[in-house]
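What follows is a short report on a single structure.
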There are 2 protein chains.
Amino acid sequence: MNHEGFNELDLTSLLSLSFSTSINELHDRLSVLGFEDIRPVHGFMFKSIIPNGATGIEIAEYLGITKQAVSKMVDYLEQRDYVMRKAHPTDKRGKIIVLTERGWLVVNAKKKILDEIEQQWIKKIGVERLQMLKEDLSKLVYEINEGELPTKIRPVW
Amino acid sequence: MNHEGFNELDLTSLLSLSFSTSINELHDRLSVLGFEDIRPVHGFMFKSIIPNGATGIEIAEYLGITKQAVSKMVDYLEQRDYVMRKAHPTDKRGKIIVLTERGWLVVNAKKKILDEIEQQWIKKIGVERLQMLKEDLSKLVYEINEGELPTKIRPVW
DNA sequence: ACAATGTAGTCAATCAAGTTGACTATAATT
DNA sequence: AATTATAGTCAACTTGATTGACTACATTGT
């Protein structure tokens, strides 16, 4: 088998490895804090809930999965006290998913860890280069998807 | 629901979106060429097979999945004429997975498309910035994983 | 106003891609 | 030569998604 060096890696592989590296570090550290039942997709879901809650369908669109899958995910997270279903204020069919106190603990922990990971990266490549990297990636994602988030935020493997 | 702008995105989300964007484009284009039965993971598997074949266990380690999962994946790809199992030259227990002609077609198409995606990105941010981006990502992945590929190349979702 | 159509959420069945465990054949170790 | 380890496959199971069917409520058009 061939083990190519990092230099010959194409951009896509590089992005995959970078993403894996950072998301793995994040969730390893969340585990240590007692949030071992939280998966990456839950973190993305929390982003769509913040700050004022979201309906199941909104979350489903954001994550690029079905509303039924969201419903199961909410069951899972509700059982573990990360989120709650509240009645929708105007639509009696609807429900609003909101974070519980414990849900906020995860979100805040996540934010802190991500900041620390970013600091770690700054130590490696410097603050200017990291700033450039973020700008360039934002620009690419933004322009290639024409201002929209990719419909499939989820990396399909 | 909150739809934050790209500027406020943390690095991890940005990497996730960049990866999704490029891998989706790659596989959309592979579909058009008639390779709609090829998933991202197969592309990564091909990388571990090139150029001289690999055993199931080598592939399993590279992809961070079990040898049983690899075996099933090889069944799938062998049925569709992308790979072949060959006898191992020295170990009668072992088999070597190699690309078929059709397998090489995918690999070459993939390479071409990835190059084109990279050119597209160069148009957006310039060749110097893309070079920096690749250098920085390589450096980060390399240093944070201490010279090893992450054991889990696969983005766990 | 109300009939027809559309939408939010859930339940159930199914599917896809992975896992663990058991096994066979062969290789390596002592 | 006997023991232990390894490569690969088969089978059963798990997980996280899907599609389809349904209920309750909302929206639209006459």
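Keep in mind that the numbers below use all heavy atoms, side chains included, and drop hydrogens, waters and symmetry copies. Order of the sequence lines sets the chain letters (A, B, ...), proteins ahead of strands, with each chain counted from 1.
Checked for salt-bridge contact, A:D75 and A:R80 miss the test: no charged N lies under 4.0 Å from a carboxylate O.
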Cut-off 3.5 Å, no hydrogens considered: what does the side-chain donor-acceptor table look like for residues 118-125 of chain A, sequence neighbours left out?
from   : atom 1 : to     : atom 2 : distance (Å)
A:E118 : OE2    : A:K134 : NZ     : 3.0

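Evaluation of the salt bridge (charged side-chain N to carboxylate O under 4.0 Å, His left out) test over residues 95-106 of chain A, restricted to residues two or more places apart or in two chains, returns none. Listed by first and then second residue, the side chain to side chain donor-acceptor pair (under 3.5 Å) pairs that reach into residues 36-45 of chain B are B:D37-B:Y82, sequence neighbours excluded.
If you check the side chains of B:S31 and B:D28, you find no donor sitting under 3.5 Å from an acceptor.
Placement of B:V107 and B:F35 within a single hydrophobic cluster is found when ILVMFWY residues are connected by side-chain heavy-atom separations under 4.5 Å, directly or transitively.
Take the nearest nucleotide of DNA chain D for A:K92 and for A:M73: the residue whose nucleotide is more 5' is A:M73.
Listed by residue number, the members of residues 29-45 of chain B with any heavy atom below 4.0 angstrom from DNA chain D form an empty set.
Partners of B:E116 by side chain to side chain contact (heavy atoms under 4.5 Å, CB included), not counting sequence neighbours, listed by chain and number: B:R29, B:K112.
Contact annotation: B:T66 side-chain N/O to C:dT19 OP1/OP2 distance is under 4.0 Å.
Shortest non-hydrogen contact noted between A:F44 and A:Y62 is O-CE2, 3.2 Å.
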(message) Each nucleotide in nucleotides 6-13 of chain C should get exactly one letter: B, S or -. Can you fill that in based on protein heavy atoms under 4.0 Å?
(response) BBBBBB-B

